[in-house]
**Q** 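Attaching a single structure in structure tokens format; questions to follow.
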Amino acid sequence: MQRLVIDTNYLADEGLQNYLAASRHNFGLINQITMVEVHKEYAATNARRLMQIACRFPGQIIILRDLVDLTNMDGTTARLSRRMIDADQTAKFGAYCETIIHAPLDTAIERQFAFFEEQSREYLAEVAQTAPRLFNLFRMAERAFDASDVRHLCKRQSYPADLQKKLVHLAFAIREVLIGAQQDRFPKEAGLAINTYLLRYSLVVAMFFARWVKTGRNDISNPKRLLNQILDMKITAIATFFDGLLTREPDMAEMYEEASFVSAALGGYTKCGKGHGHEGREAAASLDPFDSRTPAGMPDDERAVGVRGGNGSDAVAGAPARARGRRSPGAEETPA
């Protein structure tokens, strides 16, 4: 059985048709960000077009829980990938296809799509407001790397072990910035933290920083481009818990591979618990990413290994998760 996260750009790709048709044990995972992007504009047209392939295989589509829920993961690994699945919305996906995607377009369906579109735009507006925080994170990152580190980051080859360690430290530091004053809500033990969405997202941001340096610090000040990059990083972070990522963007695929490798090297849960770094065990809670030792699972010499450079609408499945009003008391998705 394979469970692969579907990037928005892959929904209408022939590759998705081939993957789902190849075996009834091949599952496609749809996350909140993808549903938001599908419904963000001209929803009645775009959603009915983009969801055609997925709706041919409704029994093989899994809907994941929204980012509020994922952000509040506790880091334990027992049935982790299953706990990330929204069983109710997954069960309703077939009905969503029949009553929304395949049904003749009428006034009631148009109103439903208008509601999804409004909720999607509200979510994207909130993310866009926090997007500039990425620049602050990058300024923090630049201060953490000396001239020698930057030269290595610019090379198109694997990074030395000490630089890998710095990138891991950077990911933990980014997590602390994102958490802010909510420290008590999230696991402090590194062995638990590595199995949370929040740290995986922070790790992907660190990997993106390395790629940003490597490619000459390309301008990412364009608001639309910056927003799209943040959404891509969120999807990539989610995918590191599962068997892979279906995307047409090579950079996104490479970031997934890099973040998955580092997560597994730190003893994290990858590939639905089958990753070589996890092997069904809890990661060592004694790992301290800020101490002077090389993190567990990472090389302790200078060999270049590891990271490769390079409202109540619950009745209808598939709605953007924010529209379903399932926010836990006091819980919020950590911004940017």
Side-chain angles (χ1 to χ4, degrees), residues 5 31 33 67-75 80 84 127 130-145 153 159 163-213 220 226-227 229-242 245 251-252 254-270 277 283 287-291 295-298 306-307 331-336:
V5 172
N31 61 88
I33 299 299
L67 288 180
V68 172
D69 291 337
L70 298 185
T71 297
N72 286 280
M73 292 164 60
D74 61 9
L80 177 54
M84 295 176 71
V127 176
T130 64
R133 294 187 65 178
L134 188 62
F135 290 112
N136 296 332
L137 296 176
F138 277 17
R139 282 195 287 270
M140 177 182 72
E142 287 184 296
R143 291 194 296 269
F145 295 88
L153 287 172
Y159 306 141
L163 184 52
Q164 293 179 38
K165 183 179 178 182
K166 282 191 175 183
L167 286 169
V168 172
H169 288 184
L170 172 61
F172 276 86
I174 290 172
R175 188 192 84 126
E176 296 304 304
V177 172
L178 294 178
I179 290 174
Q182 306 175 71
Q183 300 290 333
D184 292 340
R185 283 181 47 212
F186 300 94
K188 295 179 173 59
E189 300 89 346
L192 292 176
I194 191 60
N195 294 316
T196 62
Y197 161 77
L198 187 54
L199 184 56
R200 297 292 177 93
Y201 174 66
S202 301
L203 185 58
V204 172
V205 172
M207 298 295 104
F208 179 68
F209 167 77
R211 184 175 298 277
W212 179 66
V213 172
I220 57 172
L226 182 59
L227 175 60
Q229 186 60 62
I230 289 174
L231 298 179
D232 285 350
M233 289 191 291
K234 289 176 182 288
I235 293 174
T236 301
I238 293 170
T240 62
F241 293 94
F242 296 96
L245 174 64
D251 286 352
M252 194 170 171
E254 289 187 15
M255 276 200 300
Y256 161 77
E257 293 293 343
E258 293 168 358
S260 294
F261 178 91
V262 175
S263 297
L266 291 172
Y269 182 105
T270 59
L287 170 61
D288 180 359
F290 296 103
D291 70 11
M298 299 290 277
V307 182
E332 295 182 2
E333 176 192 342
T334 302

**Q** Less than 4.5 Å apart, side chain to side chain, heavy atoms only: is that true for Met252 and Ile235?
**A** yes
**Q** Testing the basics here: between Tyr269 and Phe241, what is the closest heavy-atom pair and its distance to 0.1 Å?
**A** CE2-O, 3.7 Å
**Q** Do Met84 and Phe242 come close enough that some side-chain heavy atom pair is under 4.5 Å?
**A** yes
**Q** Kindly compute the distance separating CE (Met255) from CE (Met207), expressed to the nearest 0.5 Å.
**A** 10.5 Å
**Q** Ignoring hydrogens and geometry, is there a side-chain-to-backbone donor-acceptor pair from Thr196 to Ala193 under 3.5 Å?
**A** yes
**Q** Do you know which two heavy atoms are closest between Ala171 and Ser202, and how far apart they sit?
**A** O-CB, 3.2 Å
**Q** If only atom types and distance count, is the side chain of Asn195 paired as donor or acceptor with the main-chain N or O of Gly268 below 3.5 Å?
**A** no
**Q** In the structure I gave you, are the side-chain heavy atoms of Leu198 and Leu70 within less than 4.5 Å of one another anywhere?
**A** no
**Q** Check whether any side-chain heavy atom of Leu266 lies under 4.5 Å from a side-chain heavy atom of Val168, and answer yes or no.
**A** yes
**Q** State, yes or no, whether a side-chain contact exists between Phe186 and Met73 at a heavy-atom distance under 4.5 Å.
**A** no
**Q** Quick one: does any side-chain atom of Arg200 pair with a main-chain N or O of Ile238 as donor and acceptor, under 3.5 Å?
**A** no
**Q** When you look at Thr236 and Leu245, which way does the side-chain contact (heavy atoms from CB on, under 4.5 Å) test go after all the steps?
**A** CA-CA 7 Å; Thr236 301; Leu245 174 64; 4.3 Å; yes
**Q** With heavy-atom distances below 4.5 Å as the criterion, would you say the side chains of Leu203 and Ile174 are in contact?
**A** no
**Q** Would you say that Tyr201 contacts Ile230 through its side chain, given a criterion of any heavy-atom pair below 4.5 Å between the two side chains?
**A** yes
**Q** Looking at every heavy atom in both Ala259 and Thr240, which two are closest together, and how far apart are they?
**A** CB-CG2, 3.9 Å
